Amino acid sequence: MKILLRNSQGLFKAVMAGALACSLAGCGGGTTPPPVTPPPVTPPPVTPPPVTPPPVTPPPVTPPPVTPPPVTPPPVSNPGVSFSGKVLAGSQPIVGATVQLYAAATTGNGSAATALLSNALTSDSTGAFTVAAGYSCPTAASQIYIIVRAGQVGSAIANPAITLASAFGACNQITADSEFVINEVTTAAMAWGLAQFFGTGGNVGASATNAQGLANAVATVSNLANLTTGASPGATFPTTGASPATKVNAVADLLNNCTATASGCDALFSATTPNGGAAPDNTLDAVLNLVRNPGSNVVTLFAQLPPSGALPFAPVPSKAPADWTLSINYHGGGIDKNNPSGVGVDANGNIWVSTYTGAVAEFSAIGTPMFPSGIIGGGLLKSDALAVDPQGNIWVPDGGSPSVNGDFGSVTELSSTGQVLSGATGFSAGGISYPTAITVDTNGTVWIPDYGNSRVTLLSSAGQPLSGTSGYQSLQFSFPLAVAIDANHNGWIANFGNDTVSKVSADGSQIASFASGNGPDGLAVDQRGYVWVANQTGNSITELANDGSVVSSGYSDNKASILAPQGIVIDGSGNVWVANLHSHAITELAGSAAASPILPGAILSPTAGYASDAGFTEAYAIVADASGNLWVTDFNNNTLTEIVGVATPVKTPVLGPPQTP
């Protein structure tokens with residue numbers, strides 16, 4: 001097999017060699033044909049793929065400049081003017097304090113105020129700040145005030161407990177580029193003056209229908225503190241008033257204990273924590289608590305004052321005051337040496353006062369006399385009372401004008417400008433005989449108890465008798481000394497001679513009498529129709545339901561403060577305020593709507609009453625106004641006393657039961 005394979009390979013090589021030679025030399029014997037040229041072949045057209053050119057970026061085109069038309073911003077409503085201020089703790093600047101301007105609200109007492117600065121300001125190294133013009137007040141008459149919070153005093157650490165305030169007045173009444181000081185004095189003045197209008201968080205507000213009451217309260221702030229210098233009293237304080245600066249300074253010094261250094265805040269906050277309430281955490285809330293609880297911790301707080309040589313504000317009282325009520329005594333205007341008696345408040349907040357010797361005085365809401373020597377003539381003499389009617393006219397009973405009505409007196413009507421409207425001798429028809437009291441109903445009817453003949457006379461607003469030629473007569477009447485009107489137009493008469501109170505219908509057809517305490521001499525009807533009687537010789541206060549049923553025959557305190565009570569008034573919360581002839585103080589009682597744990601008739605004032613350091617000798621008549629102030633005539637001291645911000649505001653003039661303004 002190996003030989004066969006080897007021979008096969010040789011044979012294969014020989015054959016292949018011959019074939020190759022034949023191929024090169026041409027094998028066979030024929031001729032070689034001419035070369036054939038094939039026809040040209042045209043290839044099919046080839047379409048090249050599309051070519052996309054690279055993108056071309058055009059050069060930037062700058063449009064010609066376009067000037068837009070000028071845009072005029074909408075005008076600011078009620079724009080405010082620019083002013084500057086300085087924030088001080090005593091005489092030291094408060095640095096880095098937050099400053100915000102507010103407009104008082106108009107949706108209720110203490111409602112949320114409007115912040116006027118979109119960005120709060122910060123006091124600089126000297127305590128200064130500037131409010132730029134152009135902020136928008138809600139109305140031109142919006143009451144503007146400022147709150148300053150926190151900041152640093154000297155080298156002390158920043159003090160978050162600092163909250164100081166001041167009130168400037170109506171937006172459109174601020175003078176451009178004015179300069180103000182905000183310190184402890186302005187804060188104390190604002191707390192007293194606006195006590196009834198403050199809510200939480202520094203909010204100040206009143207109802208939309210009590211713009212006048214709020215404006216007068218703000219005016220009281222500037223009466224108590226000079227807004228430019230930060231001292232007390234204010235630049236507008238009348239020369240006929242007795243300055244309250246010593247008490248204002250004392251409270252300002254208490255606040256300075258905290259503003260000057262945070263370590264002094266704890267004692268202040270502890271002593272101004274209301275009974276059952278939360279402790280304050282800033283100086284504004286602390287002073288509001290002090291003002292609203294004027295009988296609390298008086299001695300404790302007074303003991304916190306620095307030594308006399310270190311007082312930032314002086315002088316201060318030489319001893320602890322009776323309480324923290326702020327009372328101001330006013331003279332002049334016709335009341336000096338004339339025994340002021342009746343008192344009333346008109347719709348503008350002006351105070352009208354009758355006197356026993358005849359002159360009628362008018363004072364502005366901040367105590368400035370409007371007539372230097374008062375108003376005389378028209379039969380005015382031996383006047384014990386005064387009332388203001390719905391038109392703002394003044395009615396005064398004249399107890400015994402000589403040669404008038406057989407010497408049995410008359411009633412004088414004055415216009416709001418002091419002009420006599422009732423003739424040379426007053427109105428004397430209708431049975432008038434030694435009239436000693438007077439009040440006006442909501443419909444303008446004038447009620448007059450006649451002490452001289454124990455009758456009751458009703459006059460129209462024009463002075464015409466409505467109760468017949470001789471007045472209403474009844475054996476139930478006995479030397480009547482006081483009158484009040486309820487919501488159903490019934491008159492309530494205090495009969496001093498038989499210790500009763502009579503309920504009389506407006507037409508005189510129904511008369512019913514009910515037992516009271518001894519010597520009823522003052523009357524007031526509250527919002528719920530309950531009747532409150534000041535029993536002068538009984539040294540007590542009686543409460544009757546409107547049907548005459550006895551709720552209490554006599555609230556008393558063993559003559560501690562209720563001593564010969566005479567004047568009596570109901571405030572906007574229904575609380576009862578009493579002027580006492582012989583205790584030299586004012587007593588506050590819980591009203592008929594009081595609920596447990598405080599019951600109706602509970603005495604809310606301190607043991608000795610309020611304002612016992614006001615200097616009363618015979619507190620005679622008392623009224624409340626729309627700013628929350630009480631006004632009291634002092635018969636033998638010949639003064640008109642204002643007790644600032646202690647009562648809930650009422651609508652004035654008071655016609656019938658008190659109403660919320």
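Quantities reported herein were computed from a predicted structural model and do not represent experimental measurements.
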Query raised in the report: Does any N or O in the side chain of S364 come within less than 3.5 Å of the main-chain N or O of T368, such that one atom is a donor and the other an acceptor?
Result: yes
Report task. Hey, could you give me the CG/CE distance between L288 and M190, rounded to the nearest 0.5 Å? Result -> 9.0 Å
Report summary line: Rounding to 0.5 Å, atoms CG (N257) and CD (Q304) come to a distance of 6.5 Å
Query raised in the report: Which atom names give the shortest non-hydrogen contact between P369 and G333, and what distance separates them?
Result: CB-CA, 3.6 Å
Report task. Give the C-alpha distance, both sets of side-chain angles, the deciding distance and a yes or no for side-chain contact (heavy atoms from CB on, under 4.5 Å) between N350 and V345. Result -> CA-CA 6 Å; N350 295 325; V345 186; over 6 Å; no
Query raised in the report: Quick one: do the D124 and T126 side chains pair a donor with an acceptor below 3.5 Å?
Result: yes
Report task. Using a 4.5 Å cut-off on heavy atoms from C-beta on, say whether the side chain of E184 contacts that of D253. Result -> no
Report summary line: Rounding to 0.5 Å, atoms CD1 (I146) and CG (L227) come to a distance of 11.5 Å
Query - Close side-chain approach of K651 and N210, heavy atoms under 4.5 Å - result: no
Query raised in the report: For the side chain of N629 and the backbone of G645, is there at least one donor-acceptor N/O pair under 3.5 Å apart?
Result: yes
Query raised in the report: Where is the tightest heavy-atom contact between S627 and P649, given as atom of each residue plus distance?
Result: C-CG, 4.0 Å
Query raised in the report: Considering only heavy atoms from C-beta outward, does the side chain of I366 approach that of T236 to under 4.5 Å?
Result: yes
**Report entry** Minimum heavy-atom distance between N297 and A271, given as atom pair plus value
**Finding:** ND2-O, 2.9 Å
Query - Check: A165 main-chain N/O paired with T186 side-chain donor or acceptor under 3.5 Å - result: yes
Report task. Enter the distance from S296:OG to L290:CG here, rounded to the nearest 0.5 Å. Result -> 8.5 Å
Report task. Would you mind reporting whether W577 and I586 have side-chain heavy atoms less than 4.5 Å apart? Result -> yes
Query raised in the report: Is it the case that more than 12 heavy atoms not belonging to Q391 sit under 6.0 Å from its CD atom?
Result: yes
**Report entry** Closest approach of F363 to I335 (non-hydrogen atoms, all atoms of both residues)
**Finding:** CZ-CD1, 3.9 Å
Query raised in the report: Below 4.5 Å, heavy atoms only, C-beta onward: do I328 and T641 meet side chain to side chain?
Result: no
Query raised in the report: Any sub-3.5 Å donor-acceptor pair from R149's side-chain atoms to A97's backbone N or O?
Result: no
Report task. Take N348 and T652 through the side-chain contact (heavy atoms from CB on, under 4.5 Å) test and state the conclusion after the steps. Result -> CA-CA 8 Å; N348 294 319; T652 59; over 6 Å; no
Query raised in the report: Will you find, in the side chains of N293 and N289, an N or O donor that is under 3.5 Å from an N or O acceptor?
Result: no
Query raised in the report: Would you say K247's side chain and T325's backbone share a donor-acceptor pair under 3.5 angstrom?
Result: yes
Requested in this report: Before giving the answer on side-chain contact (heavy atoms from CB on, under 4.5 Å), spell out for W395 and L414 the whole-Å C-alpha distance, their side-chain angles and the decisive distance to 0.1 Å.
Outcome: CA-CA 7 Å; W395 294 77; L414 306 173; over 6 Å; no
Query - pair W324-V251: side-chain heavy atoms closer than 4.5 Å - result: yes
Query raised in the report: Between the main-chain N or O of G342 and the side-chain N or O of S354, is there a donor-acceptor pair closer than 3.5 Å?
Result: yes
Query raised in the report: Just wondering, do P340 and N638 contact through their side chains at under 4.5 Å, heavy atoms?
Result: yes
**Report entry** Under 3.5 Å: donor-acceptor pair, side chain of N329, backbone of G615
**Finding:** no
Report summary line: So CG of N109 and CG of L214: to nearest 0.5 Å the spacing works out to 9.0 Å
Query raised in the report: Tell me, do T272 and V287 make a side-chain contact under 4.5 Å, heavy atoms counted?
Result: no
**Report entry** T648 side chain to S573 side chain, donor-acceptor N/O pair below 3.5 angstrom
**Finding:** yes
Requested in this report: In sequence, state the C-alpha distance, the side-chain angles, and the governing distance for C265 and N159, and then conclude on side-chain contact (heavy atoms from CB on, under 4.5 Å).
Outcome: CA-CA 10 Å; C265 297; N159 186 353; 4.2 Å; yes
Requested in this report: Spell out, as yes or no, whether a donor-acceptor pair under 3.5 Å connects the side chain of N203 to the backbone of G199.
Outcome: no
Query raised in the report: Do the side chain of D323 and the main chain of G295 share a donor and acceptor less than 3.5 angstrom apart?
Result: no
Report task. Describe, in one word, how the ring planes of F180 and F83 are oriented to each other, choosing from parallel (under 30°), tilted (30 to 60°) and perpendicular (over 60°). Result -> perpendicular
**Report entry** Interatomic distance, D571 atom CG to Q196 atom CD [nearest 0.5 angstrom]
**Finding:** 7.5 Å
**Report entry** Closest non-hydrogen atom pair, G230 against N183
**Finding:** O-ND2, 3.0 Å
Requested in this report: Return yes if some donor-acceptor pair links the side-chain N/O of N256 with the main-chain N/O of T259 below 3.5 Å, else return no.
Outcome: no
Query - Considering all heavy atoms, the nearest G202-Y145 contact - result: O-OH, 2.8 Å
